[in-house]
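What follows is a short report on a single structure.
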Amino acid sequence: MTATATILDLFLGQPEHRWEGKAPSAIRKVRVDGPVEVTETGLAGDTQADLTVHGGPEKALHIYPSEHYAHWREAFPEKADLYAPGGFGENLSTEGFTEEDLCIGDVFSAGTARLQISQGRQPCWKLNLHTDNPVQAASFQKTGRTGWYFRVLEPGRMEAGDKISVIDRPCPDWNLRDVILARFNPRLDADTARALADLEELAEPWRTSFAKKANPAFHEDTSRRLQG
């Protein structure tokens with residue numbers, strides 16, 4: 001088991017009123033230099049606007065592989081300047097692995113902190129407004145290039161240039177990209193949904209969603225989340 005990446009940059013954000021008639025957002029983040037404290041709820045100095053859907057121990061840190069930005073520059077060349085590390089509101093930009101290389105529940109050393117993959121990212125309408133691209137959130141879902149969230153098992157410090165490495169893999173059968181795509185699959189088979197609903201390493205909101213998806217009659221309406 002070898003999966004190591006390099007932290008390229010760390011980013012912090014504060015809630016802002018950016019769009020008339022819309023709720024504030026902290027999706028626009030700023031790169032910071034030097035070591036940053038990692039607490040159980042994320043990077044010191046990073047805050048969220050709506051704690052009902054962002055932040056908290058199960059969404060302490062959002063990471064986005066820098067490798068994905070080439071895809072977005074190719075898909076939407078008119079917005080190429082926007083697609084660079086930090087462009088999607090992530091806390092960590094890395095180079096070295098993507099969702100395909102990892103599994104739900106993977107445990108990492110990162111600087112002096114210890115982190116664990118808890119869930120993927122469910123993009124919302126704020127991502128569309130942030131990128132001025134009305135299909136950005138839906139494209140995230142379709143491709144599975146969402147990045148993911150860490151819970152913090154052991155607080156510590158990290159900075160750009162640190163390595164982030166897998167040190168334990170308790171769920172080798174649950175590839176991260178496959179789980180992310182399963183979350184957004186409206187025709188997911190019931191057995192897979194039930195198995196994921198029982199996966200202890202997966203964040204509770206995702207387990208609850210998979211439990212619902214195990215019912216063939218269940219229909220999930222994502223329009224409000226994706227379009228606002």
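Just the heavy atoms: all of them, side chains too, but no hydrogens, waters or symmetry mates, feed the values below. Here the structure is a predicted model, which means the values were calculated and not measured.
Partners of Asp221 under the salt bridge (charged side-chain N to carboxylate O under 4.0 Å, His left out) rule, at least two apart in sequence or in another chain, do not exist in this structure. For Phe108, the ring pair (Phe, Tyr, Trp, His ring centres under 6.0 Å) partners two or more places apart in sequence, or in a different chain, are Phe97, Phe150. Qualifying side chain to side chain contact (heavy atoms under 4.5 Å, CB included) partners for Asp198, counting only residues two or more places apart in sequence or in other chains: none. When the ring pair (Phe, Tyr, Trp, His ring centres under 6.0 Å) test is applied to Phe11, no partner is found at least two apart in sequence or on another chain. Among residues two or more places apart in sequence or in another chain, the salt bridge (charged side-chain N to carboxylate O under 4.0 Å, His left out) test is passed with Glu40 by none. For His130, there are no ring pair (Phe, Tyr, Trp, His ring centres under 6.0 Å) partners at least two apart in sequence or on another chain. Under the salt bridge (charged side-chain N to carboxylate O under 4.0 Å, His left out) criterion, Arg183 pairs with Glu220, not counting sequence neighbours. Judged as a salt bridge (charged side-chain N to carboxylate O under 4.0 Å, His left out), and not counting sequence neighbours, Arg73 has no contacts. Looking at residues two or more places apart in sequence or on another chain, you find no ring pair (Phe, Tyr, Trp, His ring centres under 6.0 Å) involving Phe210.
Both the sub-6.0 Å distance and the 45° axial angle are not jointly satisfied by Lys213 relative to the ring of Phe218. For the pair Lys126 and Trp19, the cation-pi criterion (under 6.0 Å, within 45° of the ring axis) is not fulfilled.
Pairing each heavy atom of Gln122 with each of Trp206, the nearest pair is NE2-NE1, 3.5 Å.
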Using a 3.5 Å cut-off and no angle test, enumerate the donor-acceptor pairs between side-chain atoms of residues 75-90 and protein atoms at least two apart in sequence or in another chain.
from: Lys79; atom 1: NZ; to: Asp132; atom 2: O; distance (Å): 2.9
from: Tyr83; atom 1: OH; to: Asn133; atom 2: ND2; distance (Å): 3.4
from: Tyr83; atom 1: OH; to: Gln136; atom 2: OE1; distance (Å): 2.6
from: Glu90; atom 1: OE1; to: Tyr69; atom 2: OH; distance (Å): 3.2
from: Glu90; atom 1: OE1; to: Phe88; atom 2: N; distance (Å): 3.1
from: Glu90; atom 1: OE2; to: Tyr69; atom 2: OH; distance (Å): 2.8
from: Glu90; atom 1: OE2; to: Gly86; atom 2: N; distance (Å): 2.7

Side-chain donor-acceptor pairs of residues 172-182 under 3.5 Å, sequence neighbours excluded:
from: Asn175; atom 1: OD1; to: Arg177; atom 2: N; distance (Å): 3.0
from: Asn175; atom 1: OD1; to: Asp178; atom 2: N; distance (Å): 3.1
from: Asn175; atom 1: ND2; to: Glu100; atom 2: O; distance (Å): 2.9
from: Asn175; atom 1: ND2; to: Leu102; atom 2: O; distance (Å): 3.3
from: Arg177; atom 1: NH2; to: Thr143; atom 2: O; distance (Å): 2.9

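For residues 145-166, the set of pairs meeting the salt bridge (charged side-chain N to carboxylate O under 4.0 Å, His left out) definition, not counting sequence neighbours, comprises Glu37-Arg157, Glu58-Arg151.
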